[in-house]
Amino acid sequence: MAILVDRNTRLCTSGITGREGTFHTLRNRDYGTQVVAGVTPGKGGQDVDGIPVFNTFHEAVAEQGANTAMIFVPPRFAADSILEAEDAGIELVIAITEGIPAHDELRVYNILRKNGRARLIGPNCPGILSPGKANVGIIPAAFFREGNVGVVSRSGTLTYQIGNELAQSGFGNSSIVGIGGDPVPGSDFIDVIALFERDPETELIVMCGEIGGDAEERAAEYIAAHVSKPVVAYIAGFTAPPGKTMGHAGAIVSGSKGTAAAKAQALEARGVKVGRTPTQVAELAMATLGAAST
Amino acid sequence: MAILVDRNTRLCTSGITGREGTFHTLRNRDYGTQVVAGVTPGKGGQDVDGIPVFNTFHEAVAEQGANTAMIFVPPRFAADSILEAEDAGIELVIAITEGIPAHDELRVYNILRKNGRARLIGPNCPGILSPGKANVGIIPAAFFREGNVGVVSRSGTLTYQIGNELAQSGFGNSSIVGIGGDPVPGSDFIDVIALFERDPETELIVMCGEIGGDAEERAAEYIAAHVSKPVVAYIAGFTAPPGKTMGHAGAIVSGSKGTAAAKAQALEARGVKVGRTPTQVAELAMATLGAAST
Amino acid sequence: MDLLEYQGKQLFARHGVPVPAGQPARTVQEAVAAAEQIGYPCAVKAQVQIGGRGKLGGIRIARDAAEARAHAEAILGMDIRGLTVYELWIEGASEIAAEYYASVVFDRSAKAPLVMLSTKGGMDIEQVADESPEAIARLHVDPLLGFQDFHGRRLAYEAGVDDDVVRPVGAMLAKLYEAFVAEEATLVEVNPLIITPDRQVKALDAKVTLDGNALYRHPDNAQLRDRSAEDPQEQMAKERGLTYVKLDGNIGILGNGAGLVMSTLDVVKGAGGEPANFLDAGGGSKAEAIAQAVEVILSNQSVEAVLFNIFGGITRCDEVARGLIEAFEQIKPTVPFVVRLDGTNDVEGRELLAQAALPNVYTESTMDAAAARVVELAAGS
Amino acid sequence: MDLLEYQGKQLFARHGVPVPAGQPARTVQEAVAAAEQIGYPCAVKAQVQIGGRGKLGGIRIARDAAEARAHAEAILGMDIRGLTVYELWIEGASEIAAEYYASVVFDRSAKAPLVMLSTKGGMDIEQVADESPEAIARLHVDPLLGFQDFHGRRLAYEAGVDDDVVRPVGAMLAKLYEAFVAEEATLVEVNPLIITPDRQVKALDAKVTLDGNALYRHPDNAQLRDRSAEDPQEQMAKERGLTYVKLDGNIGILGNGAGLVMSTLDVVKGAGGEPANFLDAGGGSKAEAIAQAVEVILSNQSVEAVLFNIFGGITRCDEVARGLIEAFEQIKPTVPFVVRLDGTNDVEGRELLAQAALPNVYTESTMDAAAARVVELAAGS
């Protein structure tokens, strides 16, 4: 088991003919992901290293049975592409694209939620890796192996850092899900943690948060009410000054809101251990799973 | 039992301080309907013959527990009022107003459907009467008494005509629901027939259709697949010429579409008896219920 | 409200839909002046709301001022399937490499706008729909989301438009949709949508239906008129706030409520009669409205008998009776009237009629009997 | 992107939000000319993005040209909490009967725009929110439906605005919402929104934040600048496409990925150091980008040591090493560098650095050790 992507994933990449789109799609296929199609308007009928390219998602779904989309188009085309994928019946849309206008994200989020047909991960995220099963996105799979720790994160490289610390402590991963650092992510911690809670392979959940918004605080409430599995957290940005956007569009402390300290406090108040450094997270994971297995 | 309105109805009229709004609201109260509030922006704090008036639906719901809205405001304010009622948590909105712009209806219909919180009956409809229990709208209650025939209709006076014929043949009604003659009714035959099917008091369903659209054809399909109770139908407009709007905004034969003959055929092909005159409908009802009760 | 071609094109232009440059004209002089300004060759087009104008001589190409004058003279005042041509539209003639069809329709059944595109343009689209439905790409748009770029691409690819115009055709569909929503239309149709030899995309015709209920939000549109489609009786009824549709028979009909009136027409026809009109006096009609309605009905010279079919709910039968008596005092009609009054205050109403003892007024207590009686009287007159 | 008051007001005016007439000025001469045209009394307002300008002397009322000149001279070039005043906004002075507060905020948590209205205008709204939260009416708007009339009424009644301005205040909220959506803002705030003695509703201040990611759709907005808020290092980084935030310490930081860089700042601070900046070199950075990033970091004169913290995924550690070597060739930095390379091609990267034998470059294999080392070096420099 794993969540979201696995051996049943049938991937279609939007923007497959772009440089990055081609590179990562083929890398995902090399990992073992079933890549069944690509979409680039105007290039229908071509192929990318044997992967058929279509003009529309509807054709990719009808002819190749695609069920998962990876969005690699530039920001100005991304919202349209996500909506097209959903309209075509794609169930899981993973948007890697960074820099999508916030109002586009708002519109996409709300239409997907009201229709209730498709799940969106990202945008501005590294994708999802289920080690040994499928990799959709840009997560460097070499550092991770199969195991029982589920990771969900607002950040990419930070996830690799933490994953690597976990790996060095002997842990593997069920799935690693990057939800992205944008103001309106398609899925948030709660959505993914709920999936890990139901996933039999996952025995520990690690969530990597950062400053900005209140996704971590809401996750804390949710965990207290609905999650039986142990959760270990990390929050980046304890020392971030207010009013400055720290790289991610969503990573900003506004006034007294969104500080790392408040998030850590909210989590700890509900029994979630929070590591102060990536190394500490690995230590907490070891302590917890040791305790959990007795 | 009855459907949609009954002794639990707690009515709030939007536009209660208008001439028609006052007249029909008081008439509904005289019938026995629980009228708990009215809404007219700017007149909050006043009352209409003892019925408290509020500036917003939210106040009417919070302070009086209103659960049903009747919309009596002029067309240009009607969409806003329906959306406000829904936003305030009203579960059933009955819109009497005639002449609402079609795009307003489209927007209202789609937002209500996606939100899934409130049911809209109408607009441009005479309302709903559950004899002996509650009357919301402009249906003249004097002609109807409690009984086992559910009536659903796109037309007002035609319903009274048919109801009267039924009454003279000894039938009473569970509920009489006017869905209205506009292009985008909030509820259609199928929605109401499904409620009658589940209503233990209803033993026969009478549907009064008219030219235009394909609501009757779709109802025929639905009845064949999902309805166990007998259904008798009437269709007005057999002799209507194409291209002419016959009073109701939705009553128009466009090209070969929307003719009464096609509707009657669709219904009869699926076992629904169709009376050619209101008198025939009463005769069919008698024949059917006689047969049904043996 | 149906717009004339040129009204539709002017509306399109406001929303960035490319149309050929043109000018309207109501006289030969205006037509020639317009042609001179636009240049030759130009098209002189009859402005009437009827298909197949071209085949009936309503669209002609002028190569010079003399031809423009001759065409304008020929077309103005022409009768095209019963409609008189009062206006022309003069536009630069377009070269055509391909003819497509595009439309946005208010789809009541799906409760969503329906966008259609076909490469079989310039033909009767209903015929195309019947004979080769697969030649029309169709797509419903979620009205809360609006028309997206992918909708345009999908329609263009499905319809099989030429690869090099996928983008501009998609863009035109987006603008037609925008016009449809912004102007609150129930139909926006372009047939043909042309591709010129230099690969421009243009609307060569325009058929637009606006929602009459929304005109208060569009005061400019509310001013648009089409004299050729105006019927004097229907105008008269409209001014009095009555819902009236003229029909071909000899029996005038008045009822309260659209459904009941439609039903009355059916029953009259079933009894062997031919209705002369549909007239819904509405709910709660007062005597004065009834009197005015009688005037509208009788302004149609074909009427040989009149049927009043009233089922009183909000409408009170005594008010209807009073209106009828008033109408008799004012108009002194000579044709027979059959009156069926049922429902609220029906006894009082019938009593009033009995006291007034109007000549040629007969009362009946059921709809069926009233219909039979009026048919009999109309046949005898 | 934060707009200056006058830029926000000009944006408001485009969407029908009523604002006092005014003109921007960059010189004393322009300011006096504007005042003469607008008439007296008028307000001379410093254009800087900081609250409490008024109390610090940044807003003054001029009754004649001499006063206008004196105020302009006083305010231009003034330092207001660290920001230099380069621009003024001269507008007609408004009479005030009541001061309200209105805003539309991009609420990330609710994933919907949040509209707020309060009759406690003219004050620090965060303070109002803390002390009397019930004084602020709040309402989320479904972005697919948009702002409806009933939203405006509900907010106005809940906030308790005067009865006679319920309608115009609601209408202003609708226009602010329209501006928020049309211009793709993340914040639109009016404080105070004033009611004049003759019951007009006006925006007396304007605070607008636009979404930088959407500026390509708003070329006019993309031209707007605020010289007072520009930091030279941040400008330099922006031109090179780097994500750089200047901080107060002495340790330069470079990492790949926003989360990892934030984490690095925390770890450095935890080790007792003070970061001089946040710099995300991004994913897949090539040598040239790394060299440019080093240049940006070192352009801050406070930097006494630099930490490279790279976890290679898409980014290849050998590319990072090459970039650092390139930077040393070009800039010949004198401050010490601590480099932690892990992940993709880390062995190759470390090898390249060893071969280059750059002066003052130290490698560490873990983040914690690297942080400890750079803090030690910065303290010793």
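Within every chain, numbering begins at 1; the chains are lettered A, B, ... in the order of the sequence lines, protein sequences first and strands thereafter. Being a predicted model, the structure only gives us computed values, none of them experimental.
For C/Ser302, the side-chain contact (heavy atoms from CB on, under 4.5 Å) partners at least two apart in sequence or on another chain are C/Asn300.
Within residues 232-241 of chain C, the residues having any heavy atom less than 4.5 Å from a heavy atom of chain B are, in residue-number order, C/Glu234. For residues 103-112 of chain B, heavy-atom neighbours of chain C at less than 4.5 Å comprise B/His103, B/Asp104, B/Leu106, B/Arg107, B/Tyr109, B/Asn110, B/Ile111, sorted by residue number.
Among the candidates B/His24, B/Glu98, B/Lys114, the residue making the largest number of heavy-atom pairs closer than 4.5 Å to chain C is B/Lys114. When each of C/Ile310, C/Thr186, C/Asp142, C/Thr264 is checked for heavy-atom pairs under 4.5 Å with chain B, C/Asp142 comes out on top. Per-residue counts of heavy-atom pairs under 4.5 Å with chain C were compared for B/Arg76, B/Glu217, B/Arg27, B/Glu165; the largest is that of B/Arg76. Interface remark: of the candidates C/Leu247, C/Asp248, C/Thr344, C/Thr366, C/Thr344 forms the most heavy-atom pairs closer than 4.5 Å to chain B. Heavy-atom pairs under 4.5 Å with chain B were tallied for C/Gly255, C/Pro143, C/Ala214; the largest tally goes to C/Pro143. The candidate with the highest count of non-hydrogen atom pairs below 4.5 Å against chain C, out of B/Gly209, B/Ala251, B/Gly212, is B/Gly212.
Put simply, OG on B/Ser155 and CG on C/Asp280 are 9.0 Å apart, with the number rounded to the nearest 0.5 Å. Between the CG atom in C/Asp211 and the CD1 atom in B/Ile100 there is a gap of 11.0 Å [rounded to 0.5 Å]. Taking CE of C/Met262 as the start and NE2 of B/His248 as the end, the distance is 6.5 Å to the nearest 0.5 Å.
Side-chain atoms of C/Leu144 and B/Arg113, non-hydrogen and from C-beta on, never get closer than 4.5 Å to each other. Side-chain contact check for C/Asp342 versus B/Asn164: some heavy-atom pair is nearer than 4.5 Å. A heavy-atom distance below 4.5 Å is not found between the side chains of C/Ser263 and B/Gln161.
Counting heavy-atom neighbours within 6.0 Å of C/Lys246 NZ, excluding the residue itself, gives a total above 12. Dense packing is recorded around CD of C/Glu178, with more than 12 heavy atoms of other residues, nucleotides or ligands lying under 6.0 Å away.
Looking at C/Phe311, the atoms closer than 4.5 Å to chain B (heavy atoms on both sides) sit in the backbone and in the side chain alike. Within the 4.5 angstrom heavy-atom criterion, atoms from both the backbone and the side chain of B/Pro101 approach chain C. For B/Ile139, no part lies under 4.5 angstrom from a heavy atom of chain C. B/Tyr160 touches chain C through backbone and side chain together, each having a heavy atom under 4.5 Å away. For chain C, no part of B/Ala215 is nearby; none of its heavy atoms comes within less than 4.5 Å. At a 4.5 Å heavy-atom cutoff, C/Tyr244 makes no contact with chain B through either its backbone or its side chain. Neither the backbone nor the side chain of B/Asp182 has a heavy atom closer than 4.5 Å to any heavy atom of chain C. Neither the backbone nor the side chain of B/Phe23 has a heavy atom closer than 4.5 Å to any heavy atom of chain C. Contacts between B/Arg276 and chain C at a heavy-atom distance below 4.5 Å are absent for every atom of the residue. Using a 4.5 Å cut-off between heavy atoms, B/Ser153 makes no contact with chain C at all.
In this structure, B/Pro183 and C/Phe106 approach most closely via the heavy-atom pair CB-CE2, 4.3 Å.
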Before giving the answer on side-chain hydrogen bond (donor to acceptor under 3.5 Å, both in side chains), spell out for C/Asp368 and B/Thr279 the whole-Å C-alpha distance, their side-chain angles and the decisive distance to 0.1 Å. CA-CA 8 Å; C/Asp368 293 354; B/Thr279 319; 2.7 Å; yes
Between C/Lys111 and B/Asp188, is the side chain to side chain contact (heavy atoms under 4.5 Å, CB included) condition met? List the steps. CA-CA 11 Å; C/Lys111 277 118 173 162; B/Asp188 62 14; 3.6 Å; yes
Please tabulate, for the side chains in residues 265-272 of chain C, all donor-acceptor contacts under 3.5 angstrom to protein atoms that are two or more places apart in sequence or on a different chain.
unit_1, atom_1, unit_2, atom_2, d
C/Asp266, OD1, B/Phe238, N, 2.9
C/Asp266, OD1, B/Thr239, N, 2.9
C/Asp266, OD1, B/Thr239, OG1, 3.0
C/Asp266, OD2, B/Gly237, N, 2.7
C/Asp266, OD2, B/Phe238, N, 2.9
C/Lys269, NZ, C/Glu274, OE1, 3.3

